[in-house]
Amino acid sequence: MMSEALSDAELARSLHGGFVSRHAEVNGTRLHYVTGGQGGPLVLLGGWPQTWWEFHKIMPSLAERHRVIAVDLRGMGGSDKPAHGYDKKTMAADILELVRLLGYDRVDIAGHDIGGMVAYAFAANHPAHVRRVALLDIAHPDERFYAYSLLPRPGRQQVDGDIHAGPGRFLWWFAFNQVPGLPERLLADRSRDLIDWMCDYLVEDPSSIGDRDRDIYAHAYSTPDAVRAGNAWYRAFGQDIADEKTYGKVTAPLLGLGGGEGGHLLLQTVLPDKGTDVEVVPVPGSGHYIPEEQPELVIEHLTRFFA
């Protein structure tokens with residue numbers, strides 16, 4: 001059973017750096033964000049199935065040099081969950097309107113998972129408004145996504161029928177999240193089961209994401225509306241792939257941080273063709289959830305990169 005969930009305001013106040021929880025009406029929707037610190041603006045965008053809280057281990061240190069703005073994407077956590085607008089180009093427009101509302105014309109931006117896709121779309125569509133961009137264990141959807149297997153490959157994504165024993169990730173949830181209506185019925189009020197499975201499957205050390213953190217994420221995805229909105233990020237991949245074909249190379253300096261063998265190899269293979277100034281760095285001892293698994297290394301790399 002989940003423990004009683006703390007509010008975003010309480011969670012923000014628990015972090016060193018003067019963080020506060022706020023909302024803003026932008027691009028036809030209401031976004032929740034947490035901000036604190038002093039310095040140049042640094043936007044942090046998280047992914048599925050998490051919230052802005054996935055950055056809580058790195059935000060206080062980053063706030064020593066930056067005005068940190070950790071955003072719940074459209075459909076996430078304390079943000080609205082509209083019926084439409086989950087393609088990454090639209091979500092990047094959400095972020096642009098937010099940062100301009102906050103008084104910034106040019107920002108640094110870092111994204112993990114779905115948030116990394118939005119960060120890339122932000123840099124590709126609004127180059128005048130981005131200084132540097134970091135992608136954590138993710139690349140923007142492209143034609144490769146259509147080649148992902150619906151069956152785990154023996155020896156690669158499973159060993160003797162066990163997908164936990166395979167060295168590669170079996171991305172079954174990419175397909176599951178495409179199914180309209182069913183995930184909402186299966187996961188409503190049972191989201192902690194999903195959170196636990198994802199965390200245990202995609203991390204090197206499951207204890208790096210503790211019970212309290214898992215409860216926070218489970219609470220955020222506990223309603224049918226929240227499940228539907230999170231799935232909508234995946235259901236928009238077809239549009240994202242079509243949009244990506246129209247993008248030129250990102251001209252802002254681009255950093256890719258890859259967790260584990262798969263994440264680093266993916267970014268090393270894909271990113272050099274996506275930008276004009278690209279650096280890809282492995283994060284040893286980490287799986288997919290890099291900001292929570294290896295926060296000190298992430299702080300080190302982002303501090304250096306965004307200096």
Side-chain angles (χ1 to χ4, degrees), residues 29 45-54 72-77 79-92 94 111-121 135-153 157-158 163-164 166 168-203 209 214 216-244 262-263 266 287-289:
T29 194
L45 306 176
W48 183 89
Q50 297 173 292
T51 68
W52 71 271
W53 182 251
E54 74 162 271
D72 277 338
L73 300 168
R74 170 188 297 244
M76 175 185 288
S79 291
D80 278 355
K81 298 163 180 62
H84 306 288
Y86 294 95
D87 62 278
K88 311 312 169 288
K89 186 174 183 179
T90 296
M91 295 167 75
D94 293 346
H112 171 246
D113 192 79
I114 299 294
M117 300 175 186
V118 178
Y120 181 87
L135 307 182
L136 280 60
D137 210 55
I138 199 66
H140 190 280
D142 61 18
E143 285 284 346
R144 294 173 304 106
F145 277 43
Y146 287 129
Y148 289 149
S149 175
L150 286 176
L151 296 178
R153 296 182 181 273
Q157 295 166 329
Q158 67 173 358
I163 64 173
H164 290 273
R169 301 166 183 166
F170 176 47
L171 305 176
W172 61 268
W173 57 93
F174 277 43
F176 177 75
N177 289 348
Q178 300 293 326
V179 181
L182 183 61
E184 296 94 309
R185 294 164 62 188
L186 295 179
L187 295 174
D189 296 322
R190 290 188 291 271
S191 54
R192 177 61 194 261
D193 292 331
L194 174 70
I195 299 297
D196 283 340
W197 195 97
M198 296 297 296
C199 290
D200 294 343
Y201 183 60
L202 292 177
V203 300
I209 305 179
R214 296 179 186 212
I216 290 168
Y217 303 140
H219 179 75
Y221 292 88
S222 62
T223 67
D225 209 31
V227 175
R228 184 265 310 161
N231 291 350
W233 302 325
Y234 289 80
R235 295 173 191 166
F237 280 175
Q239 182 63 54
D240 299 331
I241 292 168
D243 288 339
E244 195 265 349
L266 169 70
H288 177 60
Y289 299 111

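Side chains included, hydrogens not; waters and symmetry mates left out as well; all remaining heavy atoms used. Note that the structure is predicted; figures quoted are calculated from it, not measured. Numbers for residues simply follow the sequence, beginning at 1.
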Check [X] against [Y] and note the closest heavy-atom contact, atom names and distance.
{"X": "Ala226", "Y": "Ala220", "answer": "CB-O, 3.3 Å"}
{"X": "Met198", "Y": "Pro49", "answer": "CG-CG, 4.4 Å"}
{"X": "Ala119", "Y": "Gly111", "answer": "CB-N, 4.1 Å"}
{"X": "Ser222", "Y": "Ser191", "answer": "CA-OG, 3.7 Å"}
{"X": "Gly77", "Y": "Lys81", "answer": "O-NZ, 2.7 Å"}

Straight-line distance of [X] [atom1] to [Y] [atom2], nearest 0.5 Å:
{"X": "Phe170", "Y": "Leu150", "atom1": "CZ", "atom2": "CG", "value": "7.0 Å"}
{"X": "Tyr221", "Y": "Met76", "atom1": "OH", "atom2": "CE", "value": "4.5 Å"}
{"X": "Asn177", "Y": "Leu171", "atom1": "CG", "atom2": "CG", "value": "11.0 Å"}
{"X": "Trp197", "Y": "Trp173", "atom1": "CH2", "atom2": "CH2", "value": "5.5 Å"}
{"X": "His288", "Y": "Ile138", "atom1": "NE2", "atom2": "CD1", "value": "6.0 Å"}
{"X": "Leu194", "Y": "Cys199", "atom1": "CG", "atom2": "SG", "value": "9.0 Å"}

Practice problem: List in chain and number order the residues that pass side-chain contact (heavy atoms from CB on, under 4.5 Å) with Leu266, two or more places apart in sequence or in another chain; answer none if no residue qualifies. | Solution: Arg144, Val270

Practice problem: Name the orientation class of the two ring planes belonging to Phe145 and Phe174 (parallel below 30°, tilted from 30 to 60°, perpendicular beyond 60°). | Solution: tilted

Donor-acceptor check, side chain of [X] to backbone of [Y], threshold 3.5 angstrom: yes or no?
{"X": "Arg185", "Y": "Gly181", "result": "no"}
{"X": "Arg74", "Y": "Ala229", "result": "no"}
{"X": "Arg214", "Y": "Ile209", "result": "yes"}
{"X": "Trp233", "Y": "Gly115", "result": "no"}
{"X": "Arg235", "Y": "Tyr86", "result": "no"}
{"X": "Asp80", "Y": "Thr29", "result": "no"}

Quiz item: Which pairs count as side chain to side chain donor-acceptor pair (under 3.5 Å) when at least one residue sits in residues 45-54, sequence neighbours excluded?
Solution: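 As it turns out, the side chain to side chain donor-acceptor pair (under 3.5 Å) pairs with a partner in residues 45-54, which skip direct neighbours, are Asp8-Trp52, Gln50-Glu292, Trp53-His56, Trp53-Asp213, Glu54-His112.
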
Residue pair [X] / [Y], side-chain heavy-atom distance below 4.5 Å:
{"X": "Phe176", "Y": "Tyr234", "value": "no"}
{"X": "Asn231", "Y": "Glu184", "value": "yes"}
{"X": "Ser79", "Y": "Leu73", "value": "no"}
{"X": "Lys88", "Y": "Ile114", "value": "yes"}
{"X": "Tyr120", "Y": "Leu135", "value": "yes"}

Practice problem: Check each of Gln239, His140, Glu143 against Glu244 using the side-chain contact (heavy atoms from CB on, under 4.5 Å) test, and report the only one that passes. | Solution: His140

